[in-house]
Amino acid sequence: MDVITNLLVAMPPIARVVFMLGVVSAAGLALGHIRIRGVGLGIGGVLFAGIAGGHVASVTGISFNAEMMDFIRDFGLILFVYTIGIQVGPGFFAALRASGLKLNALALLMVVLSVAVSALLAVSGALPLGVTLGVFAGGVTNAPALAATQQVLTEVGADASVMVLPGLAFAVTYPFGIVGNLLAMALVRIVFRIDPQREAQAFDAERRRELAELHTMDVAIRNPSIDGLELRRLSTLPSLGVVASRLLRDGTLVAPKPETVLQVGDVVHLVGPRLRLEELCRLLGEPSDVTLTTKGTDLKWERLVVTGNAVLGKPIAALNLQGLYGVVVSRVNRAGVELVPNAALKLQFGDILTVIGRPDGLAAVAQLIGNSPRRLEQVEMVPMFLGIALGAIVGSIPLFLPGMPAPLRLGLAGGPLIVAILLARLGHLGPLVWFMPPAANQALREIGIVLFLGVLGIASGARFVDTLASGAGLPWMTWGVLVTAIPLVVTGLLARGVLKLNFLTICGVLTGAQTNPPGLAYANAVAVSEAPALAYATVYPLAMCLRILAPQILVLMLW
């Protein structure tokens with residue numbers, strides 16, 4: 001032990017920090033992989049490894065550069081929330097319209113319950129106000145709330161003995177804030193006997209139902225009123241979300257153009273939602289016994305990926321693929337969801353188009369839209385760092401609210417998240433593309449949260465053990481359990497038992513309302529689904545603002 005201590009003391013300050021973070025991260029990740037009856041700490045193991053490492057370092061007299069530790073912690077948090085925003089951005093606003101009001105109402109309930117429990121502790125005399133504020137911030141795992149607490153106590157003229165209390169209370173209650181979130185999710189899972197894999201499948205199926213799964217149908221034209229009508233004048237096609245991708249006439253299969261004149265006896269291959277296909281079939285004629293296949297003809301079909309900057313953001317109609325190349329787009333796959341390629345649909349980076357036409361036309365279209373799968377594996381570094389820079393700016397903008405002694409800020413957690421959501425929804429701006437390969441997104445996210453938790457644990461290690469040893473921290477931890485558990489359990493049981501929400505969505509709400517990135521990392525590990533991240537991003541902005549505002553309200557009420 002002495003040899004290791006002497007080696008660390010002799011290390012340059014930067015190397016010492018890097019060594020400690022490497023050891024803590026590796027040990028914490030290994031600890032997180034240990035499961036008892038299927039339940040483990042997951043990424044939260046890094047926090048506890050950090051606390052142990054910080055305690056050992058304090059006992060042996062080893063110190064770390066505070067400025068560097070703060071930078072690593074904050075940069076790790078930025079990486080985590082930014083990549084979350086990039087992942088959920090494309091589907092965020094759809095989720096907000098579909099269920100955002102309900103999810104944010106649950107988040108509001110969690111915040112109100114945690115504020116009510118904290119206020120009751122202070123009013124009853126169970127805890128001094130300074131300790132109560134720290135218990136609140138730690139119990140809901142919200143470091144910005146702790147910063148807001150320090151700021152508002154300074155504004156009201158609190159003395160040094162009070163100013164030190166929130167930080168100590170935060171240190172001893174934060175660990176259970178992390179674990180309590182995991183336990184609440186596990187409790188909901190056990191009480192309602194939930195299979196996370198089935199929940200993930202149900203969530204994906206529901207998203208596909210909302211967007212109407214695509215089917216195909218071959219229809220023989222029998223309606224005399226359709227005879228002699230140009231395809232583009234058949235206005236029911238776009239209104240029903242149906243595409244005619246092939247046409248058989250006199251034994252010849254072609255890709256129909258808008259000016260193609262339909263005749264009785266033609267057979268058309270239609271792509272669209274099943275109910276719409278059946279409706280259109282009744283209008284045109286009847287289902288055909290002939291299956292329109294491209295085999296044995298000069299028509300081919302291919303899947304092409306959109307990677308060319310020149311077509312990003314352009315509607316399909318503006319490309320005029322049928323008129324210029326004789327190619328029909330029959331399907332668009334976007335992030336695993338199939339969309340009807342109507343004329344107004346704007347192409348995004350990574351869209352996969354199913355196209356039908358002659359080989360020379362398909363080759364020309366492939367060149368036009370890019371079709372470079374390799375580019376999907378590359379991280380666009382310039383847009384990523386520009387997005388992070390914009391996030392830092394947005395997080396630093398002061399928000400002045402009436403009656404508040406100091407302005408509010410979204411901080412380095414809220415700013416990058418909101419910017420990433422908006423940029424991912426935008427998709428691109430000129431040559432700048434805010435697309436990130438899933439594997440790269442996952443790697444950066446894991447690195448970010450590991451760095452954040454590792455530094456937070458190391459910084460809290462010495463105070464955590466000392467406060468517990470003195471006996472003062474044990475009551476704080478007990479009351480912190482209430483601040484953590486009551487909102488989580490009540491909201492979780494209500495969301496599943498009454499509102500019948502998807503379990504993975506509930507996990508996202510619980511972690512987002514508690515602004516708890518480790519909880520989201522755990523929820524993501526339970527089952528492969530976007531549900532937790534979408535719910536997290538839906539409630540996080542409101543929850544973060546309320547968590548920052550809450551300590552200031554408590555001080556104004558109880559000081």
For this session: Evaluate the side-chain contact (heavy atoms from CB on, under 4.5 Å) criterion for residues Met185 and Thr511: first the C-alpha distance (whole Å), next the side-chain angles of each, then the deciding distance (0.1 Å), finally the verdict.
Result: CA-CA 9 Å; Met185 289 186 278; Thr511 57; 4.1 Å; yes
For this session: Inspect the surroundings of CD in Gln367 and state if more than 12 heavy atoms from other residues, nucleotides or ligands are less than 6.0 Å away.
Result: no
Problem set entry | Straight-line distance of Leu79 CG to Asp74 CG, nearest 0.5 Å | 11.5 Å
Exercise. Of the non-hydrogen atoms in Phe503 and Val526, which two are nearest, and what is the gap between them?
Worked result: CE2-CG1, 4.4 Å
Exercise. Measuring from Glu230:CD to Leu262:CG, what's the distance to the nearest 0.5 Å?
Worked result: 9.0 Å
For this session: Please test Phe80 against Leu451 for side-chain contact (heavy atoms from CB on, under 4.5 Å), starting from the C-alpha separation and ending with a verdict.
Result: CA-CA 10 Å; Phe80 181 81; Leu451 291 177; over 6 Å; no
Exercise. Is any side-chain heavy atom of Asn223 less than 4.5 Å from a side-chain heavy atom of Leu284?
Worked result: no
Problem set entry | Sub-4.5 Å side-chain heavy-atom contact between Leu106 and Leu499 | yes
Problem set entry | Within residues 247-261 or reaching into it, pairs that qualify as side-chain hydrogen bond (donor to acceptor under 3.5 Å, both in side chains) - sequence neighbours excluded | Arg249-Asp266
Problem set entry | Polar side-chain atom of Arg73 near backbone of Val455 as donor-acceptor pair, under 3.5 Å | no
Seminar exercise, completed: Smallest heavy-atom separation, Val219 atom then Gly285 atom, equals CG1-N, 4.5 Å
Exercise. For Ile178 and Thr141, which heavy atoms make the closest approach, and how far apart are they?
Worked result: N-CG2, 3.5 Å
Problem set entry | Heavy-atom closest contact (Val264 atom, Arg222 atom, distance) | CG1-CA, 4.3 Å
Exercise. Val327 and side chain to side chain contact (heavy atoms under 4.5 Å, CB included): which partner among Leu319, Leu353, Val355?
Worked result: Val355
For this session: Report the distance from atom CD1 of Ile72 to atom CZ of Phe452, rounding to the nearest 0.5 Å.
Result: 13.5 Å
Problem set entry | Neighbour count above 12 (heavy atom, 6.0 Å) for Arg198 CZ | no
Exercise. Any donor-acceptor pair under 3.5 Å linking the side chain of Glu380 with the backbone of Val433?
Worked result: no
Problem set entry | Exceeds 12 heavy-atom contacts within 6.0 angstrom, atom CG of Asp289 | no
Exercise. Which heavy atom in Ala424 sits nearest to a heavy atom in Gly85, and how many Å separate them?
Worked result: CB-O, 3.9 Å
For this session: Taking the side chain as every heavy atom from C-beta outward, state whether Val271 and Thr354 have any atom pair closer than 4.5 Å.
Result: no
Problem set entry | Heavy-atom side-chain contact between Asp218 and Val290 under 4.5 Å | no
Problem set entry | From CG (Leu108) to CG (Asn104), nearest 0.5 Å | 8.5 Å
Exercise. What do the steps show when you test Glu446 against Gln442 for side-chain hydrogen bond (donor to acceptor under 3.5 Å, both in side chains), and what is the final call?
Worked result: CA-CA 6 Å; Glu446 292 291 330; Gln442 180 70 20; 3.0 Å; yes
Problem set entry | Pro416 and Ile388, any side-chain heavy atoms less than 4.5 Å apart | no
Exercise. Passes side-chain contact (heavy atoms from CB on, under 4.5 Å), Val306 versus Gln348? Steps please.
Worked result: CA-CA 7 Å; Val306 176; Gln348 294 184 8; over 6 Å; no
Exercise. Taking the side chain from Thr491 and the backbone from Leu488, do they hold a donor-acceptor pair closer than 3.5 Å?
Worked result: no
For this session: Taking Trp434 for its side chain and Pro383 for its backbone only, find out whether a donor-acceptor pair lies under 3.5 Å.
Result: yes
For this session: Examine distances only and state if a side-chain atom of Thr307 and a backbone atom of Ser372 form a donor-acceptor pair shorter than 3.5 Å.
Result: yes
Exercise. What heavy-atom pair brings Gly177 and Gln514 nearest, and what distance separates the two atoms?
Worked result: O-NE2, 3.5 Å
For this session: Indicate yes or no for a side-chain donor-acceptor contact from Arg496 to the backbone of Leu501 under 3.5 Å, with no hydrogens or angles considered.
Result: yes
Exercise. Are Leu321 and Leu368 close enough, and set up right, to give a side-chain contact (heavy atoms from CB on, under 4.5 Å), and what steps lead you there?
Worked result: CA-CA 10 Å; Leu321 300 182; Leu368 173 66; 3.8 Å; yes
Exercise. Out of curiosity, Arg303 CZ to Asn333 CG, how far, rounded to the nearest 0.5 Å?
Worked result: 8.0 Å
Problem set entry | Side-chain heavy atoms of Ile194 within contact of Val188, under 4.5 Å | yes
Exercise. Does some side-chain heavy atom of Leu493 sit less than 4.5 Å from a side-chain heavy atom of Phe192?
Worked result: yes
Exercise. CD of Glu278 to CZ of Arg276: how many Å apart, nearest 0.5 Å?
Worked result: 11.5 Å
For this session: Please tell me if the side chains of Leu247 and Leu231 come closer than 4.5 Å, counting only heavy atoms from C-beta onward.
Result: no
